[in-house]
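Working notes, beginning with the structure itself.
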Amino acid sequence: MATRVEFTRQLSDMEGLLARFAEKSATDVRAAGLAASGDRGAETGVLKGRKSADRLRQEIESLCLDIMLMQQPLIGEDLRFVSASFRLVSDLAQIDSMTRDVAFVFSEMPSDVTTRLSDSFVHMSEHAAKMVDDSIEAFLTKNVELAQKVIASDDVLDKMYAAAEAVVVELIRQGQPSPGSLPELLMAAKYFERIGDQAQRIADWAVFRATGERILTGGDHSAANMDGE
């Protein structure tokens, strides 16, 4: 069994790794927004960042397992933190995957194709990135109020997506740009909307860490029934 001093250090290491992963995710979301708006070169860092994201995920998952194996029994807030961290890192990894998809699609798309949606992509990516920033802050500081604000702010991103979708529909009606580009424009907007959904989940884990309950799924979620969400 690990000593309390060692256990405390492991928890601190976990928080540091989560903060680094979340910072990378939020930065990449903003860069993907710039790439989708026609900024050539903005996608470079996103596309090259896969290895660092995979490494962070592996470090966090390995540390979670080490803690669960070496520190028994885990109870109360410690158990909630470790078990939620193990799940939260999957949400960050999905965000990383979606930002790479957006960056890849728009790395070779003609800039004039995105003109009508340039501002939309920038605003959506900035809002989604802030949701990621705030959700991880809520998790690390056990700030339930901030977590609730993140969850509520997803409505704004949903409206942004609906507006972008309306623009794409209008472009289809006008026959511009080429039909082959329209699904990619809509896909980018949808990915930013889905990144907001992932940030909501992280905020939900923040509530779980602090209270043992979750807002999005409702009810008490002990480690024994977390997979049944």
Side-chain angles (χ1 to χ4, degrees), residues 1-29 49-101 128-129 131-144 146-148 150-151 154 194-229:
M1 179 178 293
T3 66
R4 186 68 197 183
V5 172
E6 174 66 10
F7 179 57
T8 301
R9 183 193 64 77
Q10 288 176 320
L11 295 182
S12 178
D13 288 346
M14 181 93 75
E15 290 186 336
L17 288 169
L18 288 169
R20 283 172 54 195
F21 200 173
E23 181 180 8
K24 179 188 183 305
S25 296
T27 298
D28 286 351
V29 170
R50 179 171 186 171
K51 288 185 178 179
S52 61
D54 289 344
R55 184 170 57 252
L56 283 168
R57 177 176 184 169
Q58 291 168 4
E59 286 185 58
I60 295 168
E61 290 178 340
S62 177
L63 186 53
C64 283
L65 292 174
D66 285 346
I67 291 173
M68 287 188 283
L69 289 172
M70 299 300 295
Q71 186 68 37
Q72 292 291 340
L74 281 172
I75 58 174
E77 197 273 328
D78 289 339
L79 174 59
R80 294 198 299 272
F81 172 59
V82 175
S83 57
S85 295
F86 195 82
R87 298 291 294 275
L88 181 152
V89 73
S90 295
D91 296 316
L92 289 173
Q94 288 186 51
I95 291 171
D96 180 74
S97 178
M98 286 186 281
T99 56
R100 284 201 308 272
D101 286 345
M131 287 179 67
V132 174
D133 284 334
D134 289 348
S135 64
I136 200 68
E137 179 182 347
F139 182 80
L140 295 177
T141 61
K142 295 178 280 188
N143 187 331
V144 174
L146 180 57
Q148 291 171 331
V150 172
I151 290 171
D154 189 58
R194 287 178 58 194
I195 288 170
D197 292 341
Q198 297 302 131
Q200 268 196 321
R201 285 175 55 85
I202 295 171
D204 200 30
W205 288 122
V207 175
F208 172 75
R209 180 188 180 185
T211 69
E213 297 187 0
R214 297 178 63 189
I215 295 175
L216 297 181
T217 57
D220 176 52
H221 290 255
S222 65
N225 68 10
M226 282 175 63
D227 287 333
E229 60 181 332

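Given the structure is predicted, the values throughout are model-derived calculations rather than measurements. Side chains are part of it too, since the values below use all heavy atoms of this structure and drop only hydrogens, waters and symmetry mates. For this chain, numbers begin at 1 and follow the sequence in order.
- In plain terms, the two heavy atoms of V29 and A128 that are nearest each other are CG1-CB, 4.1 Å.
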What side-chain donor-acceptor pairs closer than 3.5 Å can you find for residues 59-67, not counting sequence neighbours?
| unit_1 | atom_1 | unit_2 | atom_2 | d |
| --- | --- | --- | --- | --- |
| E61 | OE2 | R57 | NE | 3.0 |

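- Scored by the ring-ring contact (aromatic ring centres under 6.0 Å, His included) test, F21 finds no partners at all (sequence neighbours excluded).
- Nearest heavy atom pair, residue I195 against residue M98, reads CG1-CE, 3.9 Å.
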For side-chain contact (heavy atoms from CB on, under 4.5 Å), just list the numbers for M14 and L17, CA-CA rounded to whole Å, side-chain angles, deciding distance to a tenth of an Å, and then say yes or no. CA-CA 5 Å; M14 181 93 75; L17 288 169; 5.9 Å; no

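- The nearest pair of heavy atoms linking A206 to A147 is CB-CB, 4.0 Å.
- How far CG of D134 is from CD1 of I202: 11.0 Å, rounded to the nearest 0.5 Å.
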- Query: For E137 and N143, what are the C-alpha separation, side-chain angles and deciding distance, and is it a side-chain contact (heavy atoms from CB on, under 4.5 Å)?
  - Reply: CA-CA 8 Å; E137 179 182 347; N143 187 331; 5.6 Å; no

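- Rounding to the nearest 0.5 angstrom, the gap separating the CD1 atom in I95 from the CD atom in Q198 is 6.0 Å.
- Taking CZ of R100 as the reference point, atom CG of D28 lies at 8.5 Å (rounded to 0.5 Å).
- A donor-acceptor pair under 3.5 Å is formed between the side chain of S85 and the backbone N or O of F81.
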task = Begin from the C-alpha positions of L11 and V82 and carry the test side-chain contact (heavy atoms from CB on, under 4.5 Å) through to its verdict.
result = CA-CA 8 Å; L11 295 182; V82 175; 4.1 Å; yes

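- When every heavy atom of G196 is checked against every heavy atom of D154, the shortest pair comes out as C-OD1, 3.5 Å.
- With rounding to the nearest 0.5 Å, the separation of CG in L92 from CG in L56 is 9.5 Å.
- Open room surrounds CD on E23; 12 or fewer heavy atoms of other groups in view lie less than 6.0 Å from it.
- Salt bridge present: R9 and E6 bring a charged side-chain N and a carboxylate O closer than 4.0 Å.
- A donor-acceptor contact shorter than 3.5 Å links the side chain of D204 to the backbone of I215.
- Here the closest non-hydrogen pair linking I136 and D133 is CG2-O, 3.3 Å.
- Residue S83 holds its OG atom at 10.5 Å from CG of D78, rounded to the nearest 0.5 Å.
- In this structure, the separation between CD on Q200 and CZ on R194 is 13.5 Å, given to the nearest 0.5 Å.
- A pairwise comparison of heavy atoms in R214 and F208 identifies CG-CB, 3.6 Å as the closest pair.
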